[in-house]
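Along the sequence shown, the residues carry numbers beginning at 1. Keep in mind that this is a model prediction, so the values were computed, not measured.
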Amino acid sequence: MLKNNLKYNEEVKPNTAFINELRGKLPQFFTADKFDEEGNLVEEGNFDLDKFQRMLKDKNIEELSSGYQLDFIGKDYAKKQAGEFAKTVIVPDLDHNGLAENRNSKNLFFTGDNLEVLRHLQNNYSQSIDMIYIDPPYNTGSDGFVYPDKFEYSDQALKDMFGMSDTELERLKSIQGKATHSAWLTFMYPRLWLAKRLLSEKGIIFISIDDNEHSNLKLICDEIFGEISYVGSIGWESKTKSQNTKTSFDKLQPKIETILVYSNVTVNHFNLIVTGEKEYPFTDKDGVYREYVLESMSSEGTRGRNTMIFDIEGISPPEGMQWKLGKDSIEEYRNKGSLSIREGKIIIKIRPNEEKNYQTEPFWGFFSKSIGTAETAKRELNQLMGINGLFDTVKPSALVKRAYFSCF
């Protein structure tokens, strides 16, 4: 489970409760918090009033007054789509549901336009979904993506709605049937906005992408979810075979895809993979323990602390270094009789109840091919469904499971 681990300054600040409420409800309007290397909060993100005021306006905003933001043809229309209600009706698949193996299923499977599905989900699942994984079109030119040919409104309605001239309307409609960056962003914006509304208070979203739209996706997600909600990026080694085309010698071979991660919890503790148990080979009257030789580290840079430079039983850290444990911790071990000196080194007894007694693997921002590749994922899906070629782009189930179980 994701847990909030912010270490706030205890000083009471004006409107703290109100600001925290805004952070929880409108994180997209806060700049990112800043932390030092030890995870301590250095500077809280600020409420971006200009961005908030821009979102309240219905019409286009002049570039010189808009500040830093991502603009594209179709953005206002995309925002309008995000606020619309579903125009379709969900009809159950009686033939499928009637099969014996499906009668008691607790799963939901929707087919149809995903924008309409997301609109339907708002009714019963708003702010109740813990994890969303999105695998959108990458807009590579070969994935078949084009912006849908029809807009939801007539030309006159669009002109009246956004105060457009004939030229501006023509420019908007120029993305129809196209695979431009603007077309892709217009497609993605309402879907991401509605996905955000489905996330629970502890919700987290993973979005796959490659280099074609990576930078644009990051900017649009920062706007919708908020910079403060950005957890990081995971690189996935999706390919092990190089391309064999006429132009394959003229470019870098694509090997890595990216998964952007955003969370409603500001700071996350991931569930790490346990790789083994720590050993406690020694025993005394108080039970089993292991020995730890106190180490030193550089006292330079942001992690340098004068308070970590002190004598322990007449021993000081080397010049330019500091101890890895502070005075309070050392004093606690001394009082328990767990600190001694041997051959000029400081030895500390550590017992199972004083630490995590298991070893873990960090949640690296990288999934290697061992978790599955695009090719192995296709084979996995074919075996699962008994049909070949069901999807062109497939993610291995182990990848999605790794993402989920790292958080919940």
Side-chain angles (χ1 to χ4, degrees), residues 1-11 33-43 231-235 237 261 265-371 402 405-407:
M1 182 178 291
L2 300 177
K3 297 180 180 177
N4 196 314
N5 192 36
L6 283 180
K7 300 177 182 177
Y8 286 106
N9 191 312
E10 293 182 357
E11 176 187 356
D33 293 336
K34 295 181 180 179
F35 299 87
D36 61 22
E37 293 183 7
E38 296 179 350
N40 299 309
L41 182 65
V42 176
E43 180 182 338
V231 176
S233 297
I234 300 171
E237 189 179 8
V261 187
V265 181
T266 309
V267 177
N268 312 290
H269 271 176
F270 292 105
N271 299 322
L272 305 181
I273 295 176
V274 176
T275 57
E277 295 184 355
K278 292 181 180 177
E279 296 182 354
Y280 300 88
F282 306 107
T283 304
D284 62 11
K285 61 182 179 61
D286 295 319
V288 298
Y289 66 92
R290 69 181 180 89
E291 291 187 343
Y292 166 64
V293 179
L294 182 62
E295 299 174 326
S296 59
M297 57 184 286
S298 174
S299 61
E300 303 294 329
T302 58
R303 299 184 68 181
R305 300 285 189 276
N306 289 331
T307 56
M308 303 290 280
I309 303 174
F310 55 93
D311 288 347
I312 302 176
E313 307 296 333
I315 301 175
S316 299
E319 184 70 25
M321 305 292 281
Q322 65 184 34
W323 296 122
K324 284 192 173 182
L325 293 179
K327 288 183 178 180
D328 290 344
S329 297
I330 293 298
E331 189 64 23
E332 184 177 347
Y333 283 119
R334 181 186 285 115
N335 292 337
K336 291 189 297 186
S338 296
L339 187 145
S340 61
I341 307 297
R342 185 190 308 150
E343 298 178 355
K345 296 180 180 180
I346 301 165
I347 310 298
I348 296 174
K349 294 179 180 181
I350 299 181
R351 304 182 189 277
N353 63 341
E354 296 174 340
E355 64 175 354
K356 290 190 304 183
N357 52 21
Y358 54 87
Q359 297 172 325
T360 58
E361 175 186 311
F363 188 15
W364 297 110
F366 178 73
F367 291 161
S368 72
K369 60 187 178 183
S370 62
I371 207 167
R402 178 74 177 97
F405 288 113
S406 66
C407 304

- Task: Would you sort out whether Trp323 and Ile315 count as a side-chain contact (heavy atoms from CB on, under 4.5 Å), showing the intermediate values?
- Result: CA-CA 11 Å; Trp323 296 122; Ile315 301 175; 4.2 Å; yes
With rounding to the nearest 0.5 Å, note down the distance linking [atom1] in [X] to [atom2] in [Y].
X	Y	atom1	atom2	value
Lys336	Glu331	NZ	CD	12.0 Å
Ile341	Ile312	CD1	CD1	7.5 Å
Arg303	Lys324	CZ	NZ	7.5 Å
Met308	Ser329	CE	OG	7.5 Å
Ile234	Trp364	CD1	CH2	13.5 Å

- Hey, mind stepping through Val265 and Val231 against side-chain contact (heavy atoms from CB on, under 4.5 Å) and telling me if it holds? CA-CA 9 Å; Val265 181; Val231 176; over 6 Å; no
Report, as yes or no, whether the 6.0 Å neighbourhood of atom [atom1] on [X] holds more than 12 heavy atoms from other residues, nucleotides or ligands.
X	atom1	result
Lys278	NZ	yes
Asn306	CG	no
Glu354	CD	yes
Tyr358	OH	no
Lys345	NZ	no
Asp328	CG	no

- Determine, for Lys349 against Asp286, whether the closest basic-nitrogen to carboxylate-oxygen distance falls under 4.0 angstrom.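 Salt bridge absent between Lys349 and Asp286.
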- Can you run down the ring-ring contact (aromatic ring centres under 6.0 Å, His included) pairs that involve residues 272-294, sequence neighbours left out, and say none if there aren't any?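 ring-ring contact (aromatic ring centres under 6.0 Å, His included) check on residues 272-294 returns Phe282-Tyr289.
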Taking the side chain as every heavy atom from C-beta outward, state whether [X] and [Y] have any pair of such atoms under 4.5 Å apart.
X	Y	answer
Leu325	Glu332	no
Ile309	Ser316	no
Phe270	Cys407	yes
Arg334	Glu313	yes

- Message: With side-chain contact (heavy atoms from CB on, under 4.5 Å) as the test, pick out the partner of Ile347 among Leu339, Val293, Leu294.
- Response: Val293
- Message: Run the side-chain contact (heavy atoms from CB on, under 4.5 Å) test on Tyr333 and Ile350 for me, step by step, so that the C-alpha distance in whole Å, both residues' side-chain angles and the decisive distance to 0.1 Å come before the verdict.
- Response: CA-CA 9 Å; Tyr333 283 119; Ile350 299 181; 4.2 Å; yes
Contact summary for [X] and [Y], nearest pair of heavy atoms:
X	Y	answer
Leu272	Glu361	CB-O, 3.6 Å
Arg305	Gln322	N-OE1, 2.8 Å
Glu237	Lys369	OE1-N, 3.0 Å

- CA sep, side-chain torsions, deciding dist, call: Lys356, Val274, side-chain contact (heavy atoms from CB on, under 4.5 Å): CA-CA 11 Å; Lys356 290 190 304 183; Val274 176; over 6 Å; no
- Got a sec, which residues hit salt bridge (charged side-chain N to carboxylate O under 4.0 Å, His left out) with Arg290, two or more places apart in sequence or on another chain?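 Salt bridge (charged side-chain N to carboxylate O under 4.0 Å, His left out) list for Arg290, sorted by chain: Glu355.
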- Message: With a 3.5 Å distance limit and no angle check, can you tell me whether Ser299 reaches the backbone of Gly320 through a side-chain donor-acceptor pair?
- Response: yes
